[in-house]
Amino acid sequence: MIDKFDVIKEKLAVYKIWLLFGGVILIGCTAMIVIKQPKSVEMPTAYSMSSTSSSAATTSISSKAAVMIDVKGAVKNPGVYDIVNSPRAQTAIAKAGGLMHEADTLKLNLAQKLSDGQMLYVPVIGEAASHKVAIGQSGTESNQEITKINLNTATVEELQTLEGVGEKKAEQIIAYREAHDGFKKLDEIKEVSGIGAKRFETLQDKITI
């Protein structure tokens with residue numbers, strides 16, 4: 001009986017060793033499978049979110065790009081203004097302090113869209129229709145519009161935009177205008193000191209009355 005009992009104990013000990021060995025192998029295999037499992041399953045989503053965020057930021061920056069508008073005529077503070085949002089005539093005029101009482105609102109399109117570098121001219125009541133000339137850097141047509149300067153309503157600043165007319169000459173033109181109750185014809189500007197026939201030839205296509 002004792003011999004049989006010893007044999008059984010030996011067999012149980014062998015089984016325990018094999019069971020322990022099998023358990024170690026099973027645990028090792030499981031660990032290998034877990035380690036080799038890919039961990040970047042969510043990376044495409046993260047990349048997509050990053051791309052979307054970057055695109056939104058770019059769009060936001062683009063939408064806030066400023067345009068420069070030169071506002072002239074019957075506004076309280078003529079000048080060049082940066083407009084970040086809603087580059088329309090109404091916004092530009094508001095930046096320039098608003099309209100003056102003599103501004104001819106019937107000739108204005110306040111909803112007009114403006115582009116960078118454009119000039120916005122506000123006429124006064126009774127002023128002749130604007131004569132706009134499209135010019136480019138080489139004399140070709142472009143989107144930039146230049147308004148002819150009205151000798152009977154132009155300010156000193158507006159007259160200085162004419163070729164060869166400085167502050168002093170602009171003041172002389174206004175002084176002549178006030179002294180003679182306005183210009184009756186274009187070539188009358190030759191009566192102003194320093195403006196001869198040759199100078200008039202360069203100015204006549206850029207002025208009106």
N152 side chain to F183 backbone, donor-acceptor under 3.5 Å:
yes
Gap between atom CD1 of I174 and atom OG1 of T153 - 0.5 Å precision
10.0 Å
Is it possible for you to check whether K95 lies under 6.0 Å from the centre of the six-membered ring of Y81, through NZ or CZ, and within 45° of that ring's axis?
no
CG-CG distance between L120 and L110, expressed to the nearest 0.5 angstrom
9.0 Å
Where the side chain of E167 meets the backbone of V156, is there a donor-acceptor pair that is under 3.5 Å apart?
no
Is it true that the side chains of E158 and Y121 contain a donor and an acceptor less than 3.5 Å apart?
no
Quick check: do F200 and L186 have side-chain heavy atoms less than 4.5 Å from each other?
yes
Measuring from atom NZ of K76 to atom NE2 of H101, what distance do you get when rounded to the nearest 0.5 angstrom?
6.5 Å
Less than 4.5 Å apart, any side-chain heavy atom of I69 and any of T91?
no
If we only count heavy atoms from C-beta on, is the M100 to V124 side-chain gap below 4.5 Å?
no
Side chains of I125 and D104 in contact at under 4.5 Å (non-hydrogen atoms)
yes
Neighbour count >12 (heavy atoms, 6.0 Å) for atom CD, E171:
yes
Between the CG atom in L159 and the CG atom in N150, the distance rounded to the nearest 0.5 Å is 9.5 Å
Stepwise side chain to side chain contact (heavy atoms under 4.5 Å, CB included) test for K169 and Q160
CA-CA 8 Å; K169 189 67 61 185; Q160 287 182 78; over 6 Å; no
For a 4.5 angstrom cut-off between non-hydrogen side-chain atoms, does D82 reach M68?
yes
Can you measure from CG (L151) to CD1 (I189) and round to the nearest 0.5 angstrom?
4.5 Å
